[in-house]
Amino acid sequence: MILRGKVIGSEIPRFKHRWFGILEVEVGKEVYKLYMSGVAQWFVTGDEVEIILKQKPKVKDKEKILDFDDYELYKFYNGEKIKVWPLWEKEYDAKRFSPLTGELLYTYRIRAREATYESDFEAIAELEQYHYASQKEKVALWRCEKCGTIIEANTKRICPKCKSEEVHILEIKGSTPASRFLLLELENREEYEPRILAYVRVDSPIPLMHRRLPNGEVERNIREKIFPEDWFHPAFWPERIMRELYEELKKEYPRKIARQMLWEKAKWEALRTSNTAASRIARVVVHPDYRSDGLGQLSVKAALEWISERRIPEMRKRKHLVETIAQMARYNPFFEKVGFKFLWETASGRPVLYYPLTEEAKEYIERFLKEDTYAPKEGKLWKPSYGKVEPLKGSIVFKDVSKVFESSLDVKGLPSEIQQLLEAFGVRHRVIQRQVLRNLNFEIKPKELVVVVGASGSGKTTLIRLILGAAKGFWEEKFRATSGEIELPENVKVSVLIPGEFEPSFGSESILEHVYRKIKDLNAAVEILNRSGLSDAVLYRAKFNELSTGQKERAKIASLLAEKPNLILIDEFAAHLDTLTAMRVAKKASEIMREAGITAVIITHRPEVVKALDPDKVIFVGYGTAKVEEKA
């Protein structure tokens with residue numbers, strides 16, 4: 001059944017929490033109460049709506065009530081029909097492909113949907129806590145339903161005043177009443193995986209924006225000179241309304257009461273009048289363990305579709321444009337990879353990027369970039385800083401290389417009862433000679449990524465020790481071949497990670513300082529950390545001894561890359577990482593080494609890591625032999 005009606009009732013009772021609201025709609029002589037999320041706050045008394053009933057309404061105290069799943073709701077704006085409920089959602093396959101062959105490596109099934117339930121906003125608070133990992137930072141406000149106490153906390157807790165458990169999340173700090181939230185939810189997840197991987201917060205555009213010119217001068221109201229003025233006005237701006245209302249309220253109420261009334265009145269008036277053709281992505285937060293998988297880009301892409309289809313946040317004017325203002329865009333290009341263009345810096349020096357949702361908006365942006373004196377070339381902000389290395393000038397060549405280890409076994413010096421036991425097995429004194437590698441002949445070409453696999457004790461580590469010994473000129477026995485020759489080009493610059501033997505030295509400095517000290521370029525340091533799987537800014541400031549075992553392993557990889565070698569040797573790559581994290585780190589490390597022209601020889605025992613590294617060659621080592629398999 002389809003019903004047409006109008007929104008009635010006062011504004012304030014309509015919106016209790018961001019996650020719960022009630023919309024009253026008058027249909028003929030009947031009133032329907034529609035239970036929904038806090039999106040109810042965006043309706044104005046008199047709005048025309050259409051209700052499609054999925055279930056018969058429940059009747060309570062002569063009121064007709066429709067629960068979350070009982071209806072669809074549309075609103076009308078200037079004769080256009082806009083879907084409001086159920087809230088927007090869409091499924092995506094987040095696929096990871098090989099940069100070398102294009103082969104599919106792995107796939108996530110992701111559901112993008114607007115935050116609806118209390119548990120959704122609790123998950124948002126938890127993600128914020130990951131992003132601002134600080135004991136002093138409280139990211140959410142909670143309200144006790146029994147006594148009304150407002151509590152600052154990162155997670156749900158018992159009311160400190162009345163000890164009631166009826167405490168509900170009220171607000172995400174930093175957001176505004178105009179904020180809307182989109183979640184990325186992991187489907188078909190394992191129990192140990194998070195439910196919510198990311199969220200995007202969308203607001204209306206900031207009310208005013210000025211541009212800082214290269215000479216330091218400030219050009220006021222820059223947006224209105226490029227785009228139609230009504231695309232950005234009237235924006236959600238309760239502060240302006242508060243100034244206007246205060247003078248009126250002072251005439252009728254004592255000054256203290258007038259101040260108390262201001263915010264509620266200004267907020268509802270701002271929500272009622274806000275109506276722009278642009279939106280602002282104010283926040284993108286991705287779970288730290290999943291950032292290297294491109295979920296930042298997917299989050300933004302989903303948000304753009306959501307904004308365009310549902311006219312987020314106000315659900316009024318058609319949206320032409322999406323803006324974002326973010327310093328982190330200097331260091332991470334995921335906005336630009338989605339298609340945003342960098343147009344200018346604000347008066348305070350923050351980069352502003354825009355994405356056109358319509359051809360009209362695209363034309364305005366292209367004209368500005370072409371004609372404006374100070375416009376950045378092609379709208380680019382981020383530039384890769386790691387760059388390329390001088391590649392090896394020749395191949396690494398093994399010519400009839402063999403390695404024999406010799407050791408002596410003797411029972412002398414052991415307790416007598418141990419000697420008796422060993423002698424019962426015929427063990428007294430013996431010289432053992434073991435041929436670990438026998439007559440190896442193969443070539444590793446410049447810029448190749450080679451993986452070495454084999455059983456424990458098969459000679460994998462010995463193989464890279466011999467390469468290291470040839471590169472560094474080491475004379476210690478374990479670094480020299482027993483026979484044969486290993487050729488390396490003269491310009492070799494090697495970095496090595498062999499756990500327990502050769503590892504980067506981390507002092508008391510932060511991880512970012514450590515990497516920056518080596519590479520001498522801050523942007524490149526951030527790029528290396530991101531590619532190594534340490535893309536949480538909180539980890540940039542952490543010291544090595546504060547990291548988990550898996551994070552320490554990623555920090556070591558970052559340290560090697562910061563040396564900008566043209567040859568990298570790594571033993572037991574990603575040994576302490578879970579399967580998906582290991583694949584993510586392997587893929588990103590493979591990408592940066594290929595882009596830079598680094599030759600890499602990497603040992604791993606994990607087939608999923610071999611797949612993610614996508615090597616040019618695989619060397620199978622065992623029983624003294626080495627079989628080389630080339631990428632087809």
Side-chain angles (χ1 to χ4, degrees), residues 96 127-134 194 197-198 284-297 299 326-334 337 382 384-386 495 497 499 503-565 568 570 572-593 595-596 598 600 602 604 609 612-613:
R96 289 289 152 271
L127 269 180
E128 275 292 295
Q129 191 174 207
Y130 273 118
H131 198 263
Y132 289 117
S134 166
L197 301 184
V284 181
V285 178
V286 180
H287 192 290
D289 290 344
Y290 292 80
R291 287 179 184 164
S292 60
D293 266 348
L295 292 189
Q297 293 179 56
S299 301
Q327 282 285 15
M328 54 77 62
R330 298 187 190 278
Y331 308 105
N332 194 315
F334 69 83
K337 287 183 177 179
W382 182 84
S385 302
Y386 188 78
S495 291
L497 174 58
E503 300 188 39
S505 176
F506 293 88
S508 60
E509 61 193 354
S510 70
I511 299 303
L512 180 57
E513 287 177 294
H514 174 88
V515 174
Y516 175 53
R517 175 172 54 80
K518 284 190 169 184
I519 200 163
K520 308 277 191 304
D521 183 312
L522 195 56
N523 285 8
V526 172
E527 185 180 349
I528 288 169
L529 288 169
N530 289 344
R531 300 262 195 135
S532 301
L534 294 173
S535 53
D536 186 346
V538 171
L539 295 178
Y540 297 165
R541 70 179 184 187
K543 297 176 182 178
F544 184 75
N545 61 7
E546 296 172 339
L547 301 178
S548 69
T549 301
Q551 290 166 347
K552 285 177 178 176
E553 187 163 357
R554 284 172 267 179
K556 292 173 187 176
I557 294 170
S559 183
L560 295 190
L561 290 169
E563 294 170 3
K564 295 207 75 172
I568 281 184
I570 302 179
E572 291 302 333
F573 182 90
H576 300 291
L577 304 181
D578 64 87
T579 298
L580 284 176
T581 302
M583 292 178 72
R584 293 183 203 114
V585 173
K587 180 177 179 294
K588 288 293 184 181
S590 170
E591 286 176 355
I592 194 170
M593 287 188 281
E595 290 169 11
I598 297 171
I602 296 173
T604 181
V609 172
L613 283 169

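Side-chain contact between Leu561 and Ile598: present, with at least one pair of heavy atoms (C-beta onward) separated by less than 4.5 Å. Using a 4.5 Å heavy-atom cutoff, the side chains of Asn530 and Tyr540 are in contact. You'll find the side chain of Ile519 reaches within 4.5 Å of the side chain of Tyr386, heavy atoms only. At a threshold of 4.5 Å between non-hydrogen side-chain atoms, the residues Phe334 and Met328 count as touching. Residues Trp382 and Asn332 fail the side-chain proximity criterion, which asks for heavy atoms closer than 4.5 Å. Residues Leu560 and Pro565 have side chains not in contact (no heavy-atom distance under 4.5 Å, counting atoms from C-beta outward). Side-chain contact between Gln551 and Leu534: present, with at least one pair of heavy atoms (C-beta onward) separated by less than 4.5 Å.
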Test side chain to side chain contact (heavy atoms under 4.5 Å, CB included) on Leu522 and Leu512 and set out the steps. CA-CA 8 Å; Leu522 195 56; Leu512 180 57; 4.3 Å; yes
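Across all non-hydrogen atoms, the minimal contact from Ile511 to Ala555 is CD1-CB, 4.3 Å. Of all heavy-atom pairs between Glu572 and Glu553, the closest is O-OE2, 3.5 Å. Residues Ile528 and Ala562 share a closest heavy-atom pair of CD1-CA, 3.7 Å. Minimum heavy-atom separation, Val609 to Ala582: CG2-CB, 3.8 Å. Between Pro504 and Lys518, the shortest heavy-atom distance links the atoms CB-NZ, 4.4 Å. Between Met583 and Ala612, the closest heavy-atom pair is O-CB, 3.5 Å.
The backbone N or O of Ala586 sits nowhere less than 3.5 Å from a side-chain atom of Ser590 that would complete a donor-acceptor pair.
Evaluated for a side-chain hydrogen bond (donor to acceptor under 3.5 Å, both in side chains) with Ser559, the options Arg554, His514, Arg517 yield exactly one hit, His514.
Rounded to the nearest 0.5 Å, atoms CD1 (Ile568) and CD1 (Ile592) are 9.0 Å apart. A distance of 10.0 Å separates NZ in Lys552 from CD in Glu546, rounded to the nearest 0.5 Å. Atom CD1 of Ile570 sits about 5.0 Å away from atom CD1 of Ile602, to the nearest 0.5 Å. To the nearest 0.5 Å, the span separating CD on Glu591 from CZ on Arg531 amounts to 6.0 Å.
Residue-environment remark: NZ (Lys543) stays at or below the threshold of 12 foreign heavy atoms within 6.0 Å.
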